[in-house]
Every structure is written in C-alpha cells, then in structure tokens.
Amino acid sequence: MSTHIGANMGDYADTVLLPGDPLRAKYIAENFLTNAKQVNSVRNAFGYTGEYKGHRVSVQGSGMGIPSMSIYINELVKFFGVKTIIRVGSCGGMAPDVHLRDVLLASGSTTDSAVTANTFGPGIHYAPLANFELLDTAFHEAQKMGIKPKVGDIFAADRFYNDELDMKKLADYGVIGTEMESAGLYLLGAKLHFRALSVLTVSDLIFGEEKTTAEEREKTFNDMINISLATAIA
Ligand code: HPA
C-alpha cells in the first residue's frame, strides 16, 4: 500500500501504461488485456494488471497534469517496483504537418511547469527526454502496423487555459504538439531511473477548428494503445 495506491507489492507489472483518464485505464484493461484484475480504486484512479500476448502489463489512471501524474509515478516506481512507464494520452497538434488523429511520439518535452526549474535552480533549463530504446521500438512497431507516427518536442503546459502563451513561437521552434504531462514524466524517469515514453494522439488542433468525433477518437485511441502495448512487450 502507498498513500494513493491501495495495492500490494507484486500487484503491478514491471511495465505500466499510464492514461490520464481512469476510465481509459478501465477501457484498456477490458478491451486489450486478458485476465485483467483491478489493483487500485483509491480516488477512482483505477489501476489494473492483466496480460497482453502472454506478458504481464498494468494500466493506471494518472489524472491530468504533472502534479497529479507525479503522485502516481512516484508511488508506482518507489513502492511497486515499476521499471517502464508509457503514457498514453491526447494532445493538441501544433506543427503544420500534424493532423487530427495522428499519433505523436514525444522525443522530448519543453515545459512552462516549474518542476524542471525547481529541480535544478536558476540557470539550468533541463531538457526532459524520452527513453530512446522505447522511442525507437514504438516508432518501428507503429510502422509494422502501417501507422507513421510523427516524432518531436511536445510542450507540457502547466495550464490548459492560458491565453498568455505564445504557442506560435513554440511551433516556430519545432514543437509539434501540446499536452500537460510529458516533461514531468521524463524528468521523473531520469530521477528515478525508469524508462519513460509518451505516445499521444492528436485530439484537437491548436491553430485550427477541426475536431474529432467520438468514433474517430476511439479508433485512433486504439492505434495508440496497440503501439504502446507492442512496445511494452518488445
Ligand atoms: N492543451 C493541453 N492539453 C491537451 C490539449 C491541449 O490543447 N489537447 C489535449 N490535451
């Protein structure tokens, strides 16, 4: 047991898929894993462990944003021995060649969150990076499925609603999408020595009007999960 996870040591697999939405954790467990058992329900942050193609895999809801996600990551790694965390989430597309429903792999994550600055103090602007082995595997597993993910810098925003940010400038400097977690995941991966990757689907466009339907979101969401699970067991 840890403060926010009511499970026992051994209840989680070495590899955890980490969606923000706990109901997505439930969806993944019910539709992609076999023999899935619920291992956490504290605060309705559902966690499950099951099997994917004979390999033990867990899935845990993290909540939205770096502060909530960091609680679950710290406890998964420190109390339950988790070694690999693959975030599966949605993001806003920012690059001209990024379209709705694309799968993005975050090779790195720029942020306006204070977590990096507070970790290193003034003068150091730490660059949170994905685990390359996972990134490389996810990229190639996606190709095998006929999906061509875009790889690049994802802006992890501290605020979902922020009209003071110059998103155009970030896009000009090569940022391809935005969400609210990846920089925190990668910073903790470096600190706690676990492998980290964010696999994202584009649910909206920051500079466009187009939106996805629920059905389209589900299909793309499934692509993202298939890539992530293939990566988890590779
Ligand atoms: N901003 C932040 N987080 C997000 C977005 C966004 O536009 N879309 C999906 N998650």
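Ligands are counted one by one from 1 in listed order, and the atoms in each one are counted from 1 as well.
Nearest heavy-atom pair across Ala138 and Ile227 is O-CG2, 3.7 Å. Considering every non-hydrogen atom in both Pro19 and Arg24, the closest pair reads CB-CB, 4.0 Å.
With hydrogens and angles left out, the side-chain atoms of Ser182 and Ser198 include a donor and acceptor closer than 3.5 Å.
Of the possible polar contacts, one joining the Ser109 side chain to the Ile154 backbone as a donor-acceptor pair under 3.5 Å is found.
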List of N/O pairs, ligand 1 versus protein, all under 3.5 Å?
residue  : atom  : partner : partner atom : Å
ligand 1 : 7 (O) : Asp204  : OD2          : 3.2
ligand 1 : 8 (N) : Gly92   : N            : 3.3
ligand 1 : 8 (N) : Asp204  : OD1          : 2.9

Contacts table for residues 41-50: side-chain donor-acceptor under 3.5 angstrom, sequence neighbours left out:
residue : atom : partner : partner atom : Å
Thr49   : OG1  : Asp11   : O            : 2.6
Thr49   : OG1  : Ser58   : OG           : 2.6

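Between Leu17 atom CG and Thr84 atom OG1 the span is 10.5 Å, to the nearest 0.5 Å.
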